[in-house]
Amino acid sequence: MTLIQKILRTLITAICLFLVVPASAVDKDGNFVLVIDPGHGGKDPGAVNGKNQEKTINLNVALKMGKLIEDNCKNVKVIYTRKTDVFVELYKRADIANKAGADMFISVHTNSAKNKSANGAETYLLGVEENRASANLNVALEENKAILFENDYETHYEGYDPNSPESMIIFEFMQSEYQKESLKMATFNQNQMVKSAKRPDRGVHQAGYLVLWKSAMPSILIELGFISNDAECKYLVSQKGVDEMGQSLYKAFCEYLDYHNKQLDKAVPTSQAIGNEDTDKSESLPVYKVQFMSLKNPLKSNDKRLKAYSNVSYFKESGVCKYTCGDTTDYDAILKTKAEVQKKYKDAFVIAFYKGKKISVKEAREIEAKNK
Ligand SMILES: [Zn+2]
């Protein structure tokens, strides 16, 4: 194939893959799901310096971070792509995150360079950065070479050639809907590595990482430091280094979680949205709905439960997302809806809103009577 044909085929594949969204992208208990991905493992040591191997540094720091989150963050479920020294294909790492309906994917790596004096920490999100392209390209190319340890990488990364910088073009279209959140997480992470672990600052950048490519959620890749720099390597393999790096990653995640929860609180509650379609009706008459489910976090837009009934929406109350269906000023009609919903959600019940505020059904019935 000519280069043009190759690029076209790659682009089409990339776009198709991009459109594949996980079927059930939510934790049933409403937890924030974090996937931690310690880079390399097993037969793939990653970068090395003497007897020191990248895979070990990545795993130690990732486990430290995960332990702190599990011990201190309520409503966060931590999933690892590996917890031991085993080999996991890059595409499987994204698979694990997609299947878990993860809210964040964090890949932990350690850098390496020919120039032994290069040092410092950096954080990446997926994409192509114009001004710094070649430096990022080399880091990403190195990390992506992990697929050379896979038996049949051609079938899983169609169009991507780990030895060809040209194939990096597939990532140009990957600056996705998750970019804003990925950048937030990357920035928190970079600041903490500099502030809390006192690492030299190499900044936040974008590059084409295969491991982030197919993850359908905000995602970052961390380069903790340079294993090729003797002083930095010594730090990263020490207990002090592991503790400090793990702690800085943990602190950054807490900041992101805080940001994430605040974004949720800003989501427009249904009660405020009522009346958009028929202002007069909702001004004078209460609106009835059936509440059938409460969750800590809103469902993803592709969740099947959103389509199970008509007019499914949610409002936030005491930090919980309460899901409703039906939307009517007719009390008899809502009782029928309730009976229908109770076939599946037996605790479903009727609630009422009036002028954008939730009121008791009794109050709503009284207002209705006055308006007759
Ligand atoms: Zn790596």
Side-chain angles (χ1 to χ4, degrees), residues 35-69 78 80-93 96 106-124 135-151 153 162-163 189-190 192-194 196-202 205 207 209-212 220-250 252:
V35 171
I36 304 179
D37 173 47
H40 312 279
K43 63 186 172 186
D44 171 15
V48 292
N49 180 353
K51 63 176 175 37
N52 300 306
Q53 301 183 315
E54 179 192 346
K55 65 176 183 179
T56 313
I57 297 172
N58 301 344
L59 184 60
N60 289 342
V61 173
L63 289 174
K64 177 77 194 180
M65 173 205 196
K67 175 87 171 70
L68 286 168
I69 292 169
V78 178
Y80 294 89
T81 55
R82 67 177 181 100
K83 280 190 96 168
T84 56
D85 183 20
V86 292
F87 179 75
V88 183
E89 291 87 345
L90 289 188
Y91 76 92
K92 277 195 187 153
R93 295 170 191 249
I96 290 169
I106 298 179
S107 193
V108 182
H109 287 257
T110 308
N111 219 333
S112 178
K114 284 204 181 84
N115 173 5
K116 302 281 179 226
S117 66
N119 68 346
E122 55 196 343
T123 311
Y124 284 89
N136 297 5
L137 190 69
N138 291 334
V139 182
L141 271 171
E142 273 317 305
E143 296 291 10
N144 292 346
K145 277 183 184 163
I147 65 170
L148 293 173
F149 288 92
E150 299 179 22
N151 295 327
Y153 74 81
N163 293 308
N189 187 72
Q190 187 61 24
Q192 283 295 347
M193 289 199 293
V194 173
S196 149
K198 311 218 161 37
R199 305 320 300 156
D201 187 5
R202 298 177 69 92
H205 302 286
Y209 287 100
L210 279 175
V211 72
L212 304 183
I220 63 165
L221 186 143
I222 302 165
E223 294 284 0
L224 300 167
F226 284 78
I227 197 170
S228 46
N229 178 303
D230 288 339
E232 202 158 59
C233 178
K234 202 174 157 197
Y235 171 77
L236 291 170
V237 299
S238 72
Q239 192 58 51
K240 179 180 188 282
V242 170
D243 288 348
E244 287 179 0
M245 294 312 291
Q247 258 158 27
S248 66
L249 269 51
Y250 157 71

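In what follows, every heavy atom counts, from backbone to side chain, and hydrogens, waters and symmetry copies are set aside. What you see is a predicted model; the values in this text were computed from it and never measured.
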Problem - Side-chain heavy atoms of T81 within contact of P38, under 4.5 Å - result: yes
Practice task
Please assess K55 against D85 for the test salt bridge (charged side-chain N to carboxylate O under 4.0 Å, His left out), listing each intermediate value before the final yes or no.
Solution key: CA-CA 8 Å; K55 65 176 183 179; D85 183 20; 3.1 Å; yes
Problem - Criterion side-chain contact (heavy atoms from CB on, under 4.5 Å) against V108, the qualifying member of L224, L63, I57 - result: L224
Exercise for the section: Would you name the heavy atoms of E223 and T110 that are closest together and state the gap between them? Expected result: OE1-C, 3.0 Å
Exercise for the section: Could you check if a side-chain atom of E150 sits within less than 4.5 angstrom of a side-chain atom of Y91, using non-hydrogen atoms only? Expected result: yes
Exercise for the section: Search all heavy atoms of S248 against all heavy atoms of M245 and return the closest pair with its distance. Expected result: OG-O, 2.9 Å
Problem - Donor-acceptor side-chain pairing of N49 and S228 below 3.5 angstrom - result: no
Handout entry: Residue pair Y235 / E244, side-chain donor-acceptor N/O under 3.5 Å
Key = yes
Handout entry: Any side-chain heavy-atom pair of I147 and E89 under 4.5 Å
Key = no
Handout entry: Test item: side-chain donor near acceptor, H40 and E54, under 3.5 Å
Key = yes
Practice task
Using atom types as modelled and distance alone, determine if a side-chain donor or acceptor of R93 lies under 3.5 Å from a backbone N or O of D37.
Solution key: no
Exercise for the section: Output, in order, the C-alpha distance, side-chain angles, deciding distance and verdict of side chain to side chain contact (heavy atoms under 4.5 Å, CB included) for N189 and I222. Expected result: CA-CA 8 Å; N189 187 72; I222 302 165; 3.4 Å; yes
Handout entry: Over all atoms of both residues, closest heavy-atom pair of Q53 and P45
Key = NE2-CB, 3.6 Å
Practice task
Specify the closest pair of heavy atoms between A118 and R202, including all atoms of both residues, with the distance to one decimal.
Solution key: CB-NH1, 4.4 Å
Problem - Separation of I36 CD1 from N58 CG (nearest 0.5 Å) - result: 12.5 Å
Handout entry: Steps toward side-chain hydrogen bond (donor to acceptor under 3.5 Å, both in side chains) verdict (Q190, T123)
Key = CA-CA 6 Å; Q190 187 61 24; T123 311; 2.7 Å; yes
Problem - R199 side-chain N/O to G225 backbone N/O, donor-acceptor pair under 3.5 Å - result: no
Fill in the blank from the handout: One should read off an interatomic distance between N119 CG and I227 CD1, to the nearest 0.5 angstrom, of 14.5 Å
Handout entry: Residue pair Q247 / D243, side-chain donor-acceptor N/O under 3.5 Å
Key = no
Handout entry: Residue pair K116 / A113: nearest heavy atoms and the distance that separates them
Key = NZ-O, 4.3 Å
Handout entry: Aromatic F87 / basic K43 pairing, under 6.0 angstrom, 45° off normal
Key = yes
Practice task
First locate atom CG of L249, then atom CE of M193, and finally report the distance between them rounded to the nearest 0.5 Å.
Solution key: 6.5 Å
Handout entry: Gap separating the CD1 atom of I69 from the CE atom of M65, nearest 0.5 angstrom
Key = 4.0 Å
Exercise for the section: Rounded to the nearest 0.5 Å, what's the gap from CG on N111 to CD on E143? Could you check? Expected result: 7.0 Å
Exercise for the section: Starting at CG of L236, measure out to OG1 of T56 and round the result to the nearest 0.5 Å. Expected result: 12.0 Å
Handout entry: Main-chain N/O of F226 paired with E232 side-chain donor or acceptor, under 3.5 Å
Key = yes
